[in-house]
Amino acid sequence: MIRAGRQHLVRTLADIAAQQGIAEQTLLNSGRHQAPGFPVPLGAGRTRLYDGEQVDAYLAGRPLPQLPTADDDEDLLDRQEAAALRGEPLSVWDRRRKDPAVREHLVVVGGVEHWPRRIVREYTPAPRRGTSGGGGGRPAGAGDQVPRDQLPPRVAQLLDHNPALTAADVADRLGVHRNTATAALVQCRAERMADLMEQRAVTAAEAAAALGYPAGQTRRASVRAEAVLRGRRARPYLAAVAKALHARGWRATSTPPVVQHPEDDLCVAALTLDASGAPAPALVWSERHGWRTATSRRHPLGRDAAWPPPHDGVRHLATGTTPAPADIVKALDNTG
């Protein structure tokens, strides 16, 4: 637990690593935080928190100061400690903490949820009201309470406070469907992981660890992060091709089309083209196969992501290469 009045002293492993001028992963790999005499974590959760005064003393070679031992109403308890104080299974407290009477007192320290001792001790669950359907949760058919365009920043805010955030937490806190919450959380984690991968040249797993994301929750985000990163690297080239095609007259809009990047394992971009007002084909690129034209704008590659053989409306302009924009324009002109 975090004793009353000591919240400002709490440090994470990332803080301790920065204090020593090393990366958090280096600290974890070295095992220094597990050496004899190193301060004991303040809680039993996956994310380890430490008292700053004890850390400073350890790093300076001084005896560790003792933490207060007397309980105080303003002590901050994590999930495990809250459940233990109430004599309940952890799963029961995980339901209790969603009650507005508890949630409004939530304090997030170092990415870990805590509640004041008095709130945990004095909380009394409200009597359950019966429903005609016999079940709880959001009524069947109810819409999401948060508009889709407002969901990413709201999820990002929750993730800032709790790197171990789950889709169930998002669904509960924001009143959205579980599938909506899952997609938004995966996308938010993937974008942040891709940022770190780009900045530090690390793997998706290393980025997830540095951001404090639990390994069991990042499989989908890791795949998405790699796709996001590939898309960022390909986008300048694809945008240059779109601009060249637009200048040549292969266009359906007054300005060069925005490059679309469906996030799949092919890193596909589809450009809507139009030569003289006729129905426009799509020009499709993949890392693996290069360029081709297709008559289908909606699903130019098909659901199975197969690379079709040439036929009416389909021309292979390049295979496994990244030709210059001018060469793409020339090849497209030659398709007639």
Side-chain angles (χ1 to χ4, degrees), residues 1-24 27-28 32-35 37-60 62-88 90 92-124 153-166 169-170 172-173 192 209-214:
M1 75 187 67
I2 302 171
R3 288 299 183 180
R6 301 185 70 83
Q7 177 182 341
H8 66 288
L9 297 173
V10 174
R11 293 185 194 162
T12 64
L13 283 175
D15 297 329
I16 297 172
Q19 186 175 354
Q20 299 177 75
I22 60 177
E24 180 182 4
L27 175 63
L28 292 171
R32 299 180 200 178
H33 61 298
Q34 298 174 330
F38 195 87
V40 175
L42 298 176
R46 183 184 288 117
T47 301
R48 286 162 285 196
L49 304 178
Y50 300 84
D51 182 84
E53 286 187 351
Q54 290 192 331
V55 171
D56 290 343
Y58 175 84
L59 295 178
R62 302 191 307 269
L64 270 59
Q66 293 297 312
L67 299 179
T69 56
D71 290 345
D72 188 287
D73 279 352
E74 298 308 316
D75 290 340
L76 295 177
L77 311 185
D78 63 19
R79 294 169 55 239
Q80 291 82 358
E81 293 161 342
L85 177 62
R86 294 182 61 85
E88 299 172 342
L90 183 58
V92 173
W93 175 251
D94 280 341
R95 292 198 301 271
R96 308 282 198 216
R97 67 191 176 94
K98 298 175 183 179
D99 190 307
V102 175
R103 192 167 58 201
E104 65 177 320
H105 297 282
L106 172 67
V107 179
V108 179
V109 185
V112 180
E113 294 185 343
H114 291 80
W115 298 265
R117 178 185 296 276
R118 60 183 174 81
I119 298 301
V120 176
R121 183 184 63 241
E122 298 169 5
Y123 166 71
T124 301
R154 295 287 297 277
V155 172
Q157 187 177 37
L158 293 176
L159 198 56
D160 285 338
H161 291 301
N162 180 16
L165 188 70
T166 66
D169 293 332
V170 174
D172 179 68
R173 297 286 293 274
R192 293 184 176 189
L211 291 166
Y213 299 157

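Every heavy atom of this structure was used, including side-chain atoms; hydrogens, water molecules and symmetry mates were not.
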TODO: Mind running side chain to side chain contact (heavy atoms under 4.5 Å, CB included) on H33 and I16 for me, showing each step along the way?
DONE: CA-CA 9 Å; H33 61 298; I16 297 172; over 6 Å; no

- [ ] Flag the pair R32 / I22 as yes when at least one side-chain heavy-atom distance between them is below 4.5 Å, and no otherwise.
- [x] yes

- [ ] Taking D75 for its side chain and A4 for its backbone only, find out whether a donor-acceptor pair lies under 3.5 Å.
- [x] yes

Open item on the list: Please give me the minimum heavy-atom distance between L90 and A83, naming the atom from each residue.
Closed with: CA-CB, 3.9 Å

TODO: Work out which heavy atom in D78 is nearest to a heavy atom in V112; give both atom names and the distance.
DONE: CB-CG1, 4.3 Å

- [ ] Check the pair Q54, F38 against side chain to side chain contact (heavy atoms under 4.5 Å, CB included), reporting the backbone distance first and the verdict last.
- [x] CA-CA 9 Å; Q54 290 192 331; F38 195 87; over 6 Å; no

Task: CA sep, side-chain torsions, deciding dist, call: T12, L49, side chain to side chain contact (heavy atoms under 4.5 Å, CB included) - done: CA-CA 5 Å; T12 64; L49 304 178; 3.8 Å; yes

Task: Straight-line distance of L13 CG to Y50 OH, nearest 0.5 Å - done: 4.5 Å

- [ ] Grab the two heavy atoms, one from I119 and one from A101, that are nearest each other, plus how far apart they are.
- [x] CG2-O, 4.4 Å

Open item on the list: With a 4.5 Å cut-off on side-chain heavy atoms, are R173 and R154 touching?
Closed with: no

TODO: State which residue, out of T69, D71, D51, fulfils the side-chain hydrogen bond (donor to acceptor under 3.5 Å, both in side chains) condition with R3.
DONE: D71

Task: Where N162 and G111 come nearest, the two heavy atoms and their spacing - done: OD1-O, 3.0 Å

Open item on the list: Working to the nearest 0.5 angstrom, can you tell me the gap between R11 CZ and D56 CG?
Closed with: 4.0 Å

Open item on the list: Tell me whether E81 contacts the main-chain N or O of M1 through its side chain, where contact means a donor paired with an acceptor under 3.5 Å.
Closed with: yes

- [ ] Would you name the heavy atoms of P163 and P214 that are closest together and state the gap between them?
- [x] O-CD, 3.7 Å

- [ ] Measure the shortest side-chain to side-chain distance between D72 and R117 over non-hydrogen atoms and say whether it is less than 4.5 angstrom.
- [x] no

- [ ] Mark yes or no for whether R86, through its side chain, and Y123, through its backbone, hold a donor-acceptor pair below 3.5 Å.
- [x] yes

TODO: Any chance you could measure R48, atom CZ, to Q34, atom CD, to the nearest 0.5 Å?
DONE: 6.0 Å

Task: Over 12 non-hydrogen atoms of neighbours within 6.0 angstrom of CZ in R121 - done: yes

- [ ] Kindly check if the number of other-residue, nucleotide or ligand heavy atoms within 6.0 Å of CD (Q66) is above 12?
- [x] no

Task: side chain to side chain contact (heavy atoms under 4.5 Å, CB included) evaluation trace for V102 with W93 - done: CA-CA 10 Å; V102 175; W93 175 251; 3.8 Å; yes

Open item on the list: Within this structure, what is the NE2-CG distance for the pair H114 and L106, rounded to the nearest 0.5 Å?
Closed with: 10.0 Å

Open item on the list: With rounding to the nearest 0.5 angstrom, report the CG to CD distance, D169 to E113.
Closed with: 6.0 Å

- [ ] Quick one: closest heavy-atom pair of A14 and E24, and the distance?
- [x] CB-OE1, 3.6 Å

Task: Qualifying residue for side-chain hydrogen bond (donor to acceptor under 3.5 Å, both in side chains) with D94, from R96, K98, R97 - done: R97

- [ ] Ignoring hydrogens and angles, tell me if any N or O in the side chain of E74 forms a donor-acceptor pair with the backbone of P116 under 3.5 Å.
- [x] no

- [ ] Taking the side chain as every heavy atom from C-beta outward, state whether R192 and L159 have any pair of such atoms under 4.5 Å apart.
- [x] yes

Open item on the list: Measuring from atom CG of L77 to atom CG of L42, what distance do you get when rounded to the nearest 0.5 angstrom?
Closed with: 12.0 Å

